[in-house]
Chemist: 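Before I ask anything, let me first share the structure, which is written out below as structure tokens.
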Amino acid sequence: MRGIRKGFPGVQALDGVDLELYSGEVLALLGENGAGKSTLIKVIGGAHLPDDGTMQIEGRSDPIHSPQDSLKAGIGIIYQEFNLVPALTASENIFLGQEPSRLSFIPRSEERQKTLKLFDRIGAEIDPGKLCSQLSVAEQQLVEIAKALSQNARIIVMDEPTAALTPREVEGLLKVVRELRTQGIGIIYISHRLDEIDAIADRVTILRDGTHVATMEKSNFDREQMIALMVGRNLEKEFPYRQSVAGEVRLSVRNLTRGSCVKDVSFDLKAGEIVGLTGLVGAGRTETARLIFGADRMDSGSIDLDGKRLSVRSPRDAIRNGICLLTEDRKGQGLVLGQTVQENFGLPNLGDFSGHFLISSSRESEAFSGYVDKMRIKISGHSQSAGTLSGGNQQKVVLAKWLQRNSEVIIFDEPTRGIDVGAKFEIYQLIHVLAEQGKAILMISSELPEILGMSDRIIVMNEGRVAGEIDDCSEVTQEDIMKLATGSEEIAA
């Protein structure tokens with residue numbers, strides 16, 4: 001790709017971007033949200049037509065005007081949101097639109113055999129006849145890869161392929177990527193997780209503000225250099241430094257139980273401290289947070305705030321008592337994407353801005369402006385739709401609405417999922433500021449470097465129970481946490 005330009009009203013998304021991909025290599029495409037990565041892959045996939053520039057595939061300049069042209073050119077795009085039909089089987093999804101037919105009949109046995117060969121090629125053990133709605137996220141990812149291979153793709157683009165995968169599933173996917181590389185396929189790999197880039201990339205291309213900043217062999221990049229090039233400034237560390245000073249116990253959870261998901265969970269949160277809650281997916285982390293927030297009913301147990309026993313039967317009760325939850329799925333549960341950012345900010349705070357049954361938009365706007373400035377939320381205006389914001393700015397809007405409620409206990413569930421490194425650092429800084437104000441912070445994360453880099457204490461869950469609690473995080477390793485998370489050890493050393 002040479003000199004690719006693409007503009008939208010008021011935005012120059014790509015400004016003369018160059019990109020080269022070789023057969024049998026993994027090229028990591030990095031950049032902050034809004035850097036132009038998604039626009040570039042949509043140009044590659046034929047979803048966007050460039051305003052200027054050229055693209056050649058194996059020396060040919062055949063124009064790509066549509067996704068069909070892209071497929072014919074041997075390009076397979078695996079977007080973050082899968083393009084699978086849940087009600088169809090794995091085999092039917094793979095060959096959808098390209099079914100071999102005889103006398104208007106589709107030979108299902110032939111489809112099944114072809115599917116098994118594709119799965120064998122990538123080392124996948126999936127029943128071709130299983131509905132995609134019954135497959136795990138990792139299995140659906142493999143179906144997408146098999147679908148691309150069925151169309152003889154020689155170039156595969158993966159956009160945040162591990163965003164919803166467990167660590168074990170991530171390793172399985174990386175193994176598949178390595179196998180595809182040995183088969184001569186060129187792979188463009190987009191991820192905010194720099195550990196994966198270290199593990200899989202041969203070269204790295206970095207975009208910033210729609211321009212090509214650098215391309216280099218991965219062995220010539222260290223993590224600090226990559227971050228600095230992505231954000232356009234030096235970050236001294238991936239995680240900001242904070243001197244922890246924990247105060248009195250604010251939230252006390254005792255013997256929290258709900259079915260087989262949460263079993264006899266007890267812990268304390270102190271003023272001014274950040275407690276990391278981790279474990280494998282399915283360990284009961286989110287379920288515990290939902291019980292504290294009143295989104296689910298507990299079978300037994302108690303919750304005390306500042307020494308006072310709470311009756312939390314609904315999120316309304318939790319919010320009224322100063323407990324808030326920033327959900328893992330901010331798009332589905334944290335925001336109303338079709339509403340404006342100001343309306344989202346105001347939703348839990350209507351009492352602050354209403355009088356005589358009318359909402360004062362001016363008072364709401366004034367309050368929101370304060371958070372926009374203080375938290376550096378990047379928006380075009382208060383009427384911008386929440387669904388058009390980057391992940392980092394969406395997270396800031398969610399946090400702003402809870403800060404307006406003056407919440408004292410703040411639960412972050414996967415606070416930086418799908419957020420670029422620059423925005424991550426800002427979210428970390430905001431969490432530190434909240435802790436310094438005496439808030440009690442519970443941070444749930446699957447990313448062990450994040451848990452180690454941000455936590456004053458760490459609670460590890462396994463199969464619904466607290467497997468161990470780590471008070472001194474200075475000497476603990478990721479391996480120590482994984483031993484607890486997998487049930488290999490009963491208590492923390």
Side-chain angles (χ1 to χ4, degrees), residues 133-134 136-137 163-166 249-269 274-306 308-337 344 347-349 394-395 398-399 401-402 405 407-418 439-446 451 457-469 484-485 487:
S133 60
Q134 299 172 339
S136 69
V137 175
L165 302 188
T166 66
V249 171
R250 301 216 63 180
L251 184 77
S252 182
V253 172
R254 290 292 178 270
N255 310 116
L256 214 56
T257 300
R258 177 180 168 85
S260 60
C261 300
V262 180
K263 307 170 188 174
D264 202 30
V265 169
S266 299
F267 61 85
D268 293 329
L269 295 183
I274 301 168
V275 175
L277 180 62
T278 192
L280 301 178
V281 172
R285 305 166 307 169
T286 294
E287 291 80 2
T288 298
R290 288 176 61 87
L291 291 179
I292 297 171
F293 189 59
D296 295 325
R297 289 285 187 95
M298 67 179 81
D299 296 335
S300 60
S302 64
I303 301 171
D304 289 6
L305 179 63
D306 294 331
K308 175 187 174 184
R309 181 62 49 88
L310 301 183
S311 175
V312 181
R313 297 178 175 273
S314 69
R316 184 188 298 271
D317 293 335
I319 294 167
R320 187 183 298 118
N321 284 288
I323 300 172
C324 75
L325 169 64
L326 282 81
T327 59
E328 177 182 14
D329 180 9
R330 59 179 168 270
K331 291 184 177 180
Q333 300 174 350
L335 294 166
V336 182
L337 298 181
N344 272 277
L347 276 174
N349 301 298
Q394 286 180 342
Q395 190 73 299
V398 175
L399 181 55
K401 74 180 183 182
W402 291 128
R405 291 289 308 178
S407 300
E408 295 301 320
V409 176
I410 305 176
I411 305 171
F412 291 88
D413 193 355
E414 301 288 359
T416 63
R417 172 166 288 174
K439 313 286 188 185
I441 310 292
L442 181 66
M443 188 185 76
I444 302 169
S445 179
S446 301
I451 285 289
R457 284 190 294 124
I458 299 172
I459 298 169
V460 185
M461 293 189 67
N462 170 254
E463 296 183 351
R465 300 183 184 276
V466 172
E469 186 169 325
L484 289 167

Chemist: Taking atom types as modelled, is there a side-chain donor on S252 or D268 under 3.5 Å from an acceptor on the other?
Modeler: yes
Chemist: Do D299 and R258 meet the salt-bridge criterion of a basic N to acidic O distance under 4.0 Å?
Modeler: no
Chemist: Measure across R290 and D296 and return the closest heavy-atom pair with its distance rounded to 0.1 Å.
Modeler: NE-OD2, 2.8 Å
Chemist: Could you tell me the separation between the CD1 atom of I458 and the CG atom of L484, rounded to the nearest 0.5 Å?
Modeler: 9.5 Å
Chemist: Quick check: closest heavy atoms across P348 and W402, and the distance to 0.1 Å?
Modeler: CB-CZ3, 4.3 Å
Chemist: Please tell me if the side chains of R457 and V275 come closer than 4.5 Å, counting only heavy atoms from C-beta onward.
Modeler: yes
Chemist: Between atom OG1 of T288 and atom NZ of K263, what is the distance when rounded to the nearest 0.5 Å?
Modeler: 11.5 Å
Chemist: Testing the basics here: between F412 and L399, what is the closest heavy-atom pair and its distance to 0.1 Å?
Modeler: CZ-CD1, 4.0 Å
Chemist: With side-chain contact (heavy atoms from CB on, under 4.5 Å) as the criterion, how do E414 and S446 come out once you've worked through the C-alpha distance, each side chain's angles and the decisive distance to 0.1 Å?
Modeler: CA-CA 7 Å; E414 301 288 359; S446 301; 2.6 Å; yes
Chemist: Using 0.5 Å steps for rounding, measure from the CG atom of L277 to the CD1 atom of I441.
Modeler: 14.0 Å
Chemist: Would a distance-only check, ignoring hydrogens and angles, find a side-chain to backbone donor-acceptor pair under 3.5 Å from S266 to N255?
Modeler: yes
Chemist: Would you say T278's side chain and V460's backbone share a donor-acceptor pair under 3.5 angstrom?
Modeler: no
Chemist: For residues L325 and A289, report the shortest heavy-atom separation together with the two atoms involved.
Modeler: CD1-CB, 4.2 Å
Chemist: Between I319 and F293, does the side-chain contact (heavy atoms from CB on, under 4.5 Å) criterion hold? Intermediate values first, please.
Modeler: CA-CA 8 Å; I319 294 167; F293 189 59; 3.9 Å; yes
Chemist: If we only count heavy atoms from C-beta on, is the V249 to D304 side-chain gap below 4.5 Å?
Modeler: no
Chemist: Counting C-beta onward and ignoring hydrogens, is there a side-chain heavy-atom pair between L442 and V409 closer than 4.5 Å?
Modeler: no
Chemist: To the closest 0.5 Å, what do you measure between CG (L256) and CE (M298)?
Modeler: 5.0 Å
Chemist: How long is the span from the CG atom in L251 to the NZ atom in K439, to the nearest 0.5 Å?
Modeler: 14.0 Å
Chemist: Do V265 and M461 have side-chain heavy atoms sitting under 4.5 Å apart?
Modeler: yes
Chemist: Please check this pair: side chain of R285 against backbone of G279, looking for a donor-acceptor N/O pair closer than 3.5 Å.
Modeler: yes
Chemist: Can you measure from OG (S260) to CD (E287) and round to the nearest 0.5 angstrom?
Modeler: 9.5 Å
Chemist: Could you pull out the closest heavy-atom pair between R313 and R297, with the gap in Å?
Modeler: O-NE, 3.1 Å
Chemist: Determine, step by step, whether L326 and I410 satisfy the side-chain contact (heavy atoms from CB on, under 4.5 Å) criterion, reporting the C-alpha distance in whole Å, the side-chain angles of both residues, the deciding distance to 0.1 Å, and the verdict.
Modeler: CA-CA 8 Å; L326 282 81; I410 305 176; 3.8 Å; yes
Chemist: Is it the case that the side chain of K401 and the backbone of N349 share a donor-acceptor pair, with hydrogens and angles ignored and the cut-off at 3.5 Å?
Modeler: no
Chemist: So does R254 have more than 12 non-hydrogen atoms from other groups sitting under 6.0 Å from CZ?
Modeler: yes
Chemist: Please assess D317 against L310 for the test side-chain contact (heavy atoms from CB on, under 4.5 Å), listing each intermediate value before the final yes or no.
Modeler: CA-CA 9 Å; D317 293 335; L310 301 183; over 6 Å; no
Chemist: What's the shortest heavy-atom distance between T327 and G334, and which atoms?
Modeler: OG1-N, 3.6 Å
Chemist: Tell me if a side-chain donor or acceptor on Q395 pairs with a main-chain N or O of P415 at a distance below 3.5 Å.
Modeler: yes
